[in-house]
Amino acid sequence: MKKIYFTFALVLFTCTLAHASELLLRVNRKGLFIVSASSQTQTNNYNTYQFYNLYGGTTQVKVVDKANGQVIFKNNVNIPEGYQLIAELDYYGTLTIVSNNPTASYNNGSWNDNVGTINYGNNGNGNYGSGYQNNHCGTHPNYQGDGYYNQGQTANNNNYFNQFLASLKSESFDSNRLQNAKVYASKTNLSANQIKEIAATFTFDSNRLDWAKAAYTNCYDKGNYFLLRDTFTFSSNYSELQDYISTL
């Protein structure tokens, strides 16, 4: 009997170890979404989703617009055994792998730790994202295997942001920068640090304040909004920003 219990415990322990993979996904578009990975399903107000205890290997990931039921993304993702895969889904339904980190290291990565520019599209119901049909994407930018991996057809989102930032800096007037920045923020979620970088392009504090107020709604890590403090010439403007945020 003891041998049976030992064998059962060993099998249970082995199964637990097999669920060592994780997925951290950020959805860069407005709205509320229902996100599933394997048999797990989540929804929240932050558009950042973390799935634990996944089987290593191919995992189906699905993102559905909660408001209208539209399938924004549906595809198979290869998550290596024992790794945390970090990815983001852009406004157009293309998912980019940003980083993958061994879970055993307990050193979770971030969207700033880019390891390649692999993007893959949306199978949806077979009618969305043509050109990516039956596309399975791996986790290494140099994979040259059997055709399931698709090298990045576009630059990753960090590169897009850097290009946009460069375009703002090339503008001659703050008014144009402010208008362009507001349009950009309306179409994507931004980090506090990205909002800070945009704020630094403005010449006048009044425009920095206007921008910081407008962008707050689309900031996915509002707890880091204190980073904008150093961009203001006058502390009174940062105080006004804090007062504005406290009323929301």
Side-chain angles (χ1 to χ4, degrees), residues 8-29 31-90 92-111 113-116 118-129 132-141 143 145-150 152 156-157 189 220:
F8 176 75
L10 182 61
V11 171
L12 182 62
F13 178 71
T14 303
C15 290
T16 301
L17 289 180
H19 290 64
S21 301
E22 302 175 8
L23 171 65
L24 181 59
L25 174 64
R26 184 176 71 195
V27 179
N28 282 327
R29 56 187 293 165
L32 297 176
F33 305 95
I34 301 171
V35 180
S36 61
S38 187
S39 61
Q40 301 180 37
T41 301
Q42 297 180 19
T43 185
N44 61 50
N45 296 323
Y46 304 103
N47 289 357
T48 300
Y49 310 86
Q50 188 155 11
F51 298 90
Y52 298 95
N53 299 321
L54 297 171
Y55 285 108
T58 300
T59 297
Q60 185 180 88
V61 177
K62 184 177 180 180
V63 180
V64 178
D65 190 311
K66 192 174 182 179
N68 56 28
Q70 179 187 4
V71 177
I72 305 301
F73 179 88
K74 183 180 179 183
N75 210 335
N76 292 325
V77 180
N78 183 26
I79 306 176
E81 179 66 43
Y83 274 74
Q84 179 195 64
L85 188 70
I86 299 175
E88 58 183 15
L89 185 68
D90 70 14
Y92 302 100
T94 298
L95 192 145
T96 300
I97 294 175
V98 178
S99 177
N100 64 85
N101 312 280
T103 56
S105 69
Y106 296 99
N107 181 24
N108 290 341
S110 70
W111 283 276
D113 301 329
N114 183 40
V115 296
I118 298 178
N119 298 317
Y120 50 101
N122 175 16
N123 267 350
N125 294 319
N127 300 316
Y128 187 94
Y132 290 98
Q133 300 300 323
N134 299 319
N135 172 38
H136 297 65
C137 184
T139 59
H140 196 282
Y143 183 83
D146 57 6
Y148 283 98
Y149 290 61
N150 191 320
N156 60 58
N157 284 355
N189 295 321
Y220 61 79

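Small disclaimer: the values here were computed from a predicted structure and weren't measured.
- Annotation for Gln40 and Tyr52: closest pair NE2-O, 2.6 Å, computed over non-hydrogen atoms.
- Gln60 places no side-chain N or O within donor-acceptor distance of the main-chain N or O of Lys74, the cut-off being under 3.5 Å.
- Residues Asn75 and Val61 have side chains not in contact (no heavy-atom distance under 4.5 Å, counting atoms from C-beta outward).
- The two residues Leu89 and Leu25 make their nearest non-hydrogen contact at N-CD1, 4.1 Å.
- Between the side chain of Thr41 and the main chain of Ser36, no donor-acceptor pair closer than 3.5 Å is present.
- For the atom pair CD1 (Ile97) and CD1 (Ile86), the distance works out to 11.0 Å, reported to the nearest 0.5 Å.
- Contact between Pro80 and Ser21 at its shortest, heavy atoms only, is O-OG, 2.9 Å.
- To the nearest 0.5 angstrom, Phe73 atom CZ is 10.0 Å from Asp90 atom CG.
- Taking all atoms of both residues into account, the shortest heavy-atom contact from Asn44 to Leu32 is O-CD2, 3.6 Å.
- The minimum heavy-atom distance linking Ala87 with Leu95 is given by the pair CB-CD2, 3.5 Å.
- The side chain to side chain contact (heavy atoms under 4.5 Å, CB included) search around Phe33 returns Val27, Arg29, Val35, Asn47, Tyr49, Val63, Asp65, Ile72, not counting sequence neighbours.
- With rounding to the nearest 0.5 angstrom, the CZ atom of Phe51 is 10.0 Å from the OG atom of Ser38.
- The structure places CG of Leu23 at 4.5 Å from CD1 of Ile79, a figure rounded to the nearest 0.5 Å.
- Here CZ of Arg26 is found 4.5 Å from CD of Glu88. Values are rounded to the nearest 0.5 Å.
- Across every non-hydrogen atom of Glu81 and Gly56, the tightest pair is OE1-N, 3.1 Å.
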